[in-house]
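Everything on this sheet refers to the single structure shown next.
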Amino acid sequence: MSAQNLTIVQAVRDGLYTEMNLDDEVLVMGEDVGKNGGVFRATEGLWDEFGDDRVIDTPLAESGIVGTAIGMAAMGLKPVPEMQFSGFMYPAYDQIISHMSRFRTRTRGRYTLPMVLRAPYGGGIRAPESHSESKEMFYAHEAGLKVVIPSTPYDTKGLLISAIRDPDPVIFLEPKLIYRAFRGEVPEEDYTVPIGEAAVRKEGTDVSVFTYGAMTRPTLEAVENLEEEGIDAEVVDLRTISPLDRDTVVESFKKTGRAVVVHEAPKTGGLGAEITSIIQEEALLYQEAPVKRVAGYDVPYPLYALEDYYLPSVARVEDGIREAVNF
Amino acid sequence: MSVLQRDPQDQVRVLDENGTVVGEVPDIDDETLVDMYRNMRLARHFDTRAVSLQRQGRMGTYPPLSGQEGAQIGSAIALDEDDWMVPSYREHGAALLRGLPLKQTLLYWMGHEKGNQMPEGVNLFPPAVPIASQIPHATGAGWSFKLRGEENKAVICYFGDGATSEGDFHEGLNFAGVFDTPNVFFCNNNQWAISVPRERQTASETIAQKATAYGIDGVQVDGMDPLAVYSVTKAALEKAKNPAEGEGRPTLIEAVQYRFGAHTTADDPTVYRDDDEVEKWKAKDPIPRLETFLRETGRLDDESVEAIEADIKQRVADAIEAAESEPRPEPSEMFDYAYAERTPEVQAQYEEFEALREKVGDEGFLRE
Ligand SMILES: Cc1ncc(C[n+]2csc(CCOP(=O)(O)OP(=O)(O)O)c2C)c(N)n1
């Protein structure tokens, strides 16, 4: 396989391009995705390549975009609508929750929606109001949807292709803080990374740190810093938050007996609460310390002058890990 | 006959592109006319400086308004003291006229929450970032005046052409029609919603004609003609508060204009738009147009223009200096406004936050 060195946003584009070339049913739609190539350039060049019927600039109407994509998908197309920012998905929320997630159930499997709803999400880029929140749990809470959040260029392309090929609707959330933060090897060919499988990014024996998306990097940095203090942490990048890879979570926890969950979404009702419950249900007797959550706060995401204080920082993650280890 | 009583296709104009009178000059005193000019110049200069601050890394993403001064100032100056304004995120000029200091507009785009804190007595909603979401709020605010019998108040709500595609636009206008609320819906049709042209938002010939579907009045105005904008806005606000027998209160105004610059400082318009088009619209610039009219009617001369120039430069420089001297907000403020009183969980998180800050210092958080 020949490989290229891509950023995450380029890997999104490459995944779309690769799959659109292989499958005529795949189309891209959304605000500014055509001639402009997307406000983050995630669809750059696709309009030139595939034309107006497969790369569609829509009116500014999220409910319309998702609603019409549902109709297309029910008829067998594979639309990949883009929501410009996850903060602007709410006009489409009714379509996502009332229909996208339930079409298969409501028709007893007669119709399924092979569609992927993509959106950049999360904070840390000095963006204006409503551009930085992490609301992934809204979708993870909804049965019938799969929710994928990649953290590397390789995974981005592989997971996106899996999502497009998946018969069920997938919400594909792209951490925009790391859209361009680094590059990684991405094969030119099509390949898949399975949905629902976590990746162990670093093996360790003292404590398991569970994270995903943009928080994977500060977590790995914190863990590296703590090596000097003799703490050997394991880092699990969940990659898919629904369905969650419970086996990897439990296996890792049984090995270390201690857990820290790191996410930028607010603490209450966040994925940390879910992971803690899984540990309670399946590995209680292995537990050496309370599960520590390093998360966003239960307050509206602040304007950017304070966002660094809101987002888990390397120091905060380190502190959380020390607490779990020194309990 | 009111300027509103016309076909929605028939655009209201007072000044042509050269500043020559081609319509009915509204009844405004000289001082207000010069004030209109001063504020348009101020808005333009502010805008130019704000874009430059962003380029220098002294401010975050910023949505420029150049080209839209005629619509913003011409409409905002028509408001009475008690009227309310519900803006989108681009109405820095209109907000200034409603009483929001420039310093606060700067602070908001510099990422300070304080920019959103309206001074007492300023009848202004905060900028709405999610497109069209403010439109039903405006209807509700107008409706509240009606329910309480406050007949001297109307609400003006601003949004772009892209916003007319959202459900909230339709729901907001529909309620206004059904409940006959004192509202003026002011569409800044600047031809583009980021890269998507107006023709991709709607197959309607005009945006003004959409009013018909909600049973309210619709009027199209040359949005780069501040006097025409003033005329229609004034008439619409008066009708909202004091409708004649059988007349409805709400109005949809479509102000046809152009955004000269990028959608925001994060956008590159050369990808989707021709220079020719920009040049064509720059010829309609509302500022020289009003200036010509004011000079030719003896309301403005070299000397007063110079004085205005010096004044606006000073005001913008002062505002920038004030905004940049504002200290970084206290991080604990994050926890102060989510609820009237911190809930136990928020309080616990606040305490944990302060304890950690004590331990690791601000360096433990800041990524700059
Ligand atoms: C609900 C929603 N969807 C998408 C966006 C992203 N976005 C911000 S401005 C914009 C274009 C708006 O165009 P228009 O309504 O014409 O107003 P203009 O910016 O031209 O003044 C888009 C798509 C948003 N802010 N809110």
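Naming convention: chains lettered A, B, ... in sequence-line order (proteins, then strands); numbering from 1 in each chain.
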Pick from [options]: which one has the most heavy-atom pairs with chain A under 4.5 Å?
options	result
B:S133, B:P331, B:G60	B:P331
B:V360, B:T343, B:I194	B:I194
B:K359, B:E333, B:E363	B:K359

Is there side-chain contact between [X] and [Y], with heavy atoms separated by less than 4.5 Å?
X	Y	result
B:P130	A:Y90	no
A:N36	B:R273	no
A:V314	B:R367	no
B:D362	A:Y309	yes

Against chain B, label [X] side chain, backbone, both or neither, depending on which of its atoms sit under 4.5 Å from a heavy atom there.
X	answer
A:E318	neither
A:F85	neither
A:S130	side chain
A:F88	side chain

Side chain, backbone, both or neither: which part of [X] has a heavy atom under 4.5 Å from chain A?
X	answer
B:N116	side chain
B:R342	neither
B:I131	side chain

> Any idea which of A:K267, A:E129, A:K35 has the most non-hydrogen atom pairs under 4.5 angstrom with chain B?
Replying inline: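 With the most close heavy-atom pairs to chain B, the winner is A:E129.
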
> In terms of heavy-atom pairs under 4.5 Å, which option from A:E31, A:E62, A:H131, A:E307 contacts chain B the most?
Replying inline: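 Sorted descending by pairs with chain B, the first entry is A:E62.
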
Ignoring hydrogens and angles, tell me if any N or O in the side chain of [X] forms a donor-acceptor pair with the backbone of [Y] under 3.5 Å.
X	Y	value
B:E113	A:P302	no
B:Q201	A:L60	yes
A:S313	B:G364	yes
B:Y108	A:L303	no

With a sphere of 6.0 Å drawn around [atom1] of [X], does it hold more than 12 non-hydrogen atoms of other residues, nucleotides or ligands?
X	atom1	answer
A:N326	CG	yes
B:E199	CD	yes
B:E358	CD	no
B:Q117	CD	no
A:Y179	OH	yes
B:E330	CD	yes
A:E229	CD	yes
A:E227	CD	yes

Looking at [X] and [Y], what are the two nearest heavy atoms and their distance?
X	Y	result
A:P59	B:R200	CG-O, 3.3 Å
B:W109	A:Y304	O-OH, 3.0 Å
A:P300	B:A338	CD-CB, 3.5 Å
B:V196	A:T58	CG1-O, 4.2 Å
B:G57	A:R126	O-NH2, 4.0 Å

> What are the residues of residues 346-355 of chain B, in order of number, with any heavy atom under 4.5 angstrom from a heavy atom of chain A?
Replying inline: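 So the qualifying residues are B:V346, B:Q349, B:E352, B:F353.
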
>> For a quick check under 3.5 Å, do B:Y272 and A:D32 share a side-chain donor-acceptor pair by atom type?
In response: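 B:Y272 vs A:D32: no donor-acceptor pair found between side chains.
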
> Atom OH in A:Y297, atom CE in B:M334: separation rounded to 0.5 Å?
Replying inline: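 Spacing of OH (A:Y297) from CE (B:M334) equals 6.0 Å.
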
> With sequence neighbours left out, what residues match A:A69 under side chain to side chain contact (heavy atoms under 4.5 Å, CB included)?
Replying inline: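 A:A69 satisfies side chain to side chain contact (heavy atoms under 4.5 Å, CB included) with A:M29, A:P79, A:P81, A:M115 only.
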
